[in-house]
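Just so you know, these numbers use all the heavy atoms, side chains as well, and skip hydrogens, waters and symmetry mates. Throughout, a chain's letter reflects where its sequence line sits, starting with A, and its residues are numbered from 1.
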Amino acid sequence: MLGFNTVIAISLCYVAILFMVAFLAERRATQGNATWLHSPLIYTLSLSIYCTAWTFYGAVGYAARSGLEFVTIYLGPTLMMIGWWWILRKLVRIGRAQRITSIADLVSSRFGKSTSLGVIVTVISVVAATPYIALQLQSVTLAFAVFAQTGGQLWQDADLNATAMWVAVGLFIFTVIFGTRNLDANERHHGIVMAIAVEAVVKLIALLAVGVFVVWGVAGGPAEMMTRIDSSDVVLWDQNGGRWVSLLFLSGAALLCLPRMFQVLVVENADERHLAIASWAFPTYLMLMSLFVVPIAVVGLDLLPAGSNPDLFVLTVPLHEGKQGLAMLSFLGGFSSATSMVMVATIALATMVSNHIVVPMWLSLRPNEQAVMSGDVRHVILLARRLSIAGVLFLGLVYYRVSGGGTALAAIGLVSFSGAVQILPAMLGGVFWRGASRLGAAAGLLTGLAFWLWTLFLPSFGVEALISQTVIEQGPYGLSWLRPQAMFGIVGLDPLVHGLLWSMLLNTGMFILVSLVTFPTPLERLQGAQFVNVFEHSAAAPAWTTAAAGAEDLLIMAQRIMGSEQAQAIFEREAARQGKNGFLPEVTPNFVELLERELAGSVGAATSHAMVGQLIGGSGVSVEDLIAVADEAAQILEYSNRLEAKSSEQEQTARALRDANDKLTALSIQKDAFLSQISHELRTPMTSIRSFSDILRDGDIPLSDQKRYSGIIHDEAIRLTGLLDDLLDLSVLENGQVMLHVNTGNLGVLIERAIGAAGGLEDTLEIVCAPELAQIAVTTDLDRLVQVFINLIANTRKYCDAEQQRLKISVLKRDGMYLIDFVDNGCGIAPENQQLIFEKFSRVADGSKAGGAGLGLAICREIMRRLGGDIAYLPGQYGTAFRITLPK
Amino acid sequence: MGKRVLLIEDEPNILEAISFILSRDGWTVHTHEDGETAIQKVIGFPPDMIILDVMLPGRSGFDILRELRETETTKDIPVMMLTARGQEKDRDLAMRLGANHFMTKPFSNADVRDHVRSLIDA
C-alpha cells in the first residue's frame, strides 16, 4: 500500500523537478538562446491550462452524473479554436501592437485607457476566479485524502483544511519565484510556461494511461468496453437543449475571457503564426483528454460501491484494482492540472491587481512628477504583485472553507466560467465596433456582474450559506420577481441557463444601449480606431500633440520601470533613428507614443498613460487633432500614414544636411579657436618658466625661494611636455596613423592596472568594480584601452564633487558589444554640456583646478573609435557617467 | 608706501612671478583670481593701476575692461592687458576698448616692470 507519506514525498520530488525545469528555462531565456521556448509546441501545451483539475477529475464525475453533457466543455473551445480563430488572431495582434498585459488592460486600453474600466474588469476576474482556485485546492486535497484513507490513516476535516493550506503556501512560493522574479517589459514568464508545458504532458499521459488500463486491463478490450458502455445509462440521450447551447457558448467564450487563458493565448504569445498551429493542435489535445472519460466513468460506476465520489474515479479505479503506480501517476496528473492553473491564474490576476488598482492608487497618493521620478516604481509593482498573488490564493482558500468543499467540481467550474464571460461583450464590442464607448462598457460590465453575483455566485455557496432558503423561494423582501433563480418571474429554467441568459442579455443590452447614447472621448476614438482596424493600420496617430518633457526626465522614469538597460536601449535606438549622437533622442510626439506603449508592457496602458502624462504635462490629444483621424476611412488613414512616413524620411535627410552644414561652419570657427587655444595652453607654462628663470638670473634671492622657483620651472616644463604629448597623440589618432598592438587581456586586470596608474597619494576615491569584469577577456589594444580607463578615473578624482567620491565600474553585454560603464556619485553634467566635453580644450569645470588642457576625453573618444567602439556620456544616472562601447 | 597695483590673473605661478617682480620694484601688489567678482574688487579697493588677464574664469578680461571704462569711478585707472593667445586682433580689441598697454605672454620681467612704472607715473 502506498502510504500517505510516500505520496507526499513523491509530490515534493515532482515539484522539485518542475522547479528545475522552470529554473533552467528561465536561465536559457536570460542567456538569450531560447528559440525552442518560443516553439508552437510549447505554446499549444501551455494552452492546456484550460484543462484544470476540473477537467482531469471532474469530467469523469460529470459524465457519471450527467452523461454526455461533459463533451460541451471540450467542444466549446474546439469550435472556438477552429471556427473563430480569426477572433483570436485579432486579439493576439492587438495584444502585441498595444503591449497588452492582461484582459483588464485590453478593455481599459480600448476604451481610452480608462482606469475605472481596468478596475471593474479586475474585480470581475478576481471574483470569478476565486471559486475556480478553490476548486483546484479542493481537488488536490481530496486526492491526498484518498491516499490517506486507503493508507488506513484517520483523516479529519482539520487535516483536509491543513492540506489545502499547505498546497496554497507551496503554490504561492513557486508562483512568486517564477512569476515575479522580474518586471519583464513583455510580461512573459519562460520558466512558468515551460513548467506548465511539462505538466500538460504529464496530465495527458496520466489520463491516457488510466484510460488504456480501464479499457484493456479492466474491461478486456474495446469490444467488451463498448458493450459495457451500451448497457450503462451514462450515454442515454436525455439532454436539455438549452443547457447544451449554454454550455457550448460558455466554454467557448471562457477560452477568450478567463484571465489565465488570455495570459497564455495573448500575453505569452511569442509569434502570431503559432496560433495557426494551435488551432488544430489544441483541439487534438482536448480530444485526447476526453477520449477515455466515458469508459472510466462507466467502469467506475460498475466497479466501485454506490455512493463513491465519481469525481475521484480516475484515482479510485486504479487503487481499487491494486495498481498503486498507476494511481500515483494519475495523482500527479491531477496535481499538475491544479497547480498549472493556479500558477497562471494568480500571475494573470496579480498583474491586473497591481497594474489597475495598486499602482494607480500609489500614483494618486503622490500627485506630481515626484512619483515617477524618484520613487522606486519597479519595487512597488513587484511587491504589489507578490501581495496580490498571496491575496488571490487566500481568497480561494476562504471560498473553499466557506463553501465547505462539498459541491461537485463541475458546478463550481461553471459558475466561475459564467462570471468570466461577462467581459465578453465589452471585449468583442471593443474589438469589432468603433461605436462602443467607455460608459457603455462600464454599464454592461456592472450589470452583468450584478446579475451574475445574484443569480449564480451567491447561491453557489449552498443554500443557507449566504442566501437563505426563503430568499431563493420568495425573493428578497418578498419581491418575487427578484428571486435569484427565477428573475422577472421566469420559472422552470435550469439555474445555470437562467443566470447566464439574464446576465449576458442585460450585459450586452446595456453595453449597446449606453454606447449608442453616449459620445466617446477623443482618446477613446483613437484607441477604438486602432483596435478595430488593427490589421489595416501600419502606424498609429500619436496621442500626444506637444511634448514638453526633457528627454532625460523621460529616461529616468523609464529606467525606474523597465530597468536601465532596456530603457537605454530604447532611447539609443530612437536617437540613432533620428540620426543623433549619444543616448538622448529629440522628444517628438511619436517618440512619446512609442515610449508609452513600451511602458504599457510593464504597467498596463492606463498607468503608463498617466505616468507619461505627469511628465508631459497632460497635453494629450484634443478633439481637433482627431477630426482628421477618427472618422476617416481606413484607406485614407493608411495613405496619410505612408505620406507621413515619407515626410519623416525627408525630415531625417534635412536634419542630416543641417547637421553637416552646422559642422562645417563650426569646423572653420573651431580651427581659429583651436589655434588660439593651443597658443594659450603652450604659452601659459612658458610664461612661468621664462619669468622665474629671469628672476633666478637676477640673483640676490634667499636659498629657499631659489629652490621653490626652480621647482616651479621644473613642473611647468613637465606640464608643457605632457601637453605636447597629448597634442601629438591626438593628431596621430585623428589622422588614423596610429599603430594598434592587439592583445588579449582580462578586463578586471586592466581596470586594476588603470586604478593603480591613476591613483592619487591620499586615497579619497572609492572604486567599486562589478565582479563580472573579472570574467571577461577582451582582445584589443590593451594599452590604449587602459589609457582611456586612466583618463576616466583621473577625471573622477578631479571633478567629482561628492563629499566621499565613489566610482562604480560595471559591464554589460549587448549585441556583440561590451558596454563598460563608469558612474560616479557627483552632480553629473548639464545636458547642454554632455556633447561638449568630448571637444578639444573644453573644460566645464574651473580650469586651474583641473590642471589638464581639456584634451583627455577628446583623446578617449578618438582611441575608442580606433578600437572599433565608442565612448559617450550616459545620461540619467544621478552622477557623471560614461559608457565605453567595445566590440567583443 | 608704494602705489597700489591690482593684478587680476588666475594662473597661480604667473601671479607669483609678477607679484615678486613688482614688489621688488617697490609697488604694493594685490591679487584677484576670479573674473566674475573682479569689478567689485576694483571698486572696493581702488588701485593706481590694473594688470588684467584676458582668459579668466567666469568672465573675459575684455568684458571687464569694457565695464571698467564705462564706470565713472574706474574709467581713468590705467589698465595693462595680458594674454597668452597672442593674436593681432586681440591687441586691436584691447586697445579699442581703452587698454593703456597690451602685453603677450611669455614676457620679459624687465618689460613688465618698465611698463608699470611708465603707466603709474603718467
- Query: Which pair of non-hydrogen atoms, one from A:R690 and one from B:S108, has the smallest distance, and what is that distance?
  - Reply: NH2-CB, 3.2 Å
- Task: Ignoring hydrogens and angles, tell me if any N or O in the side chain of A:D694 forms a donor-acceptor pair with the backbone of B:N109 under 3.5 Å.
- Result: yes
- Query: Charged N to carboxylate O under 4.0 angstrom, B:E16 versus A:R708?
  - Reply: yes
- Set of ring-ring contact (aromatic ring centres under 6.0 Å, His included) partners for B:H32, sequence neighbours left out: none
- Interatomic distance, OG1@A:T684 vs CG@B:D53, rounded to 0.5 Å, equals 7.5 Å
- Heavy-atom pairs under 4.5 Å with chain B, option from A:T687, A:L682, A:I689 with the top count: A:T687
- Would you mind checking if B:E11 and A:R719 are paired as a salt bridge, meaning a charged N to carboxylate O distance below 4.0 Å? yes
- Note on the structure: dist B:I14:CD1 -> A:E716:CD (nearest 0.5 Å) comes out at 7.5 Å
- Are the aromatic rings of A:Y709 and B:F20 close, with centres under 6.0 Å apart? yes
- Query: Which pair of non-hydrogen atoms, one from A:S679 and one from B:A84, has the smallest distance, and what is that distance?
  - Reply: OG-O, 2.9 Å
- Message: Using every non-hydrogen atom in the two residues, find where A:S691 and B:F107 come nearest and quote the distance to one decimal.
- Response: OG-CE1, 3.8 Å
- Task: Could you tell me which portion of A:I712 (side chain, backbone, both or neither) has an atom closer than 4.5 angstrom to a non-hydrogen atom of chain B?
- Result: side chain
- Query: Within a strict 4.5 Å, meaning less than it, do heavy atoms of the B:M55 and A:H680 side chains meet?
  - Reply: yes
- Query: Does A:K808 NZ have over 12 foreign heavy atoms under 6.0 Å away?
  - Reply: no
- Item | Contacting region of A:D698 [heavy-atom separation from chain B under 4.5 Å] | side chain
- Item | Neighbour count >12 (heavy atoms, 6.0 Å) for atom CD, A:Q804 | yes
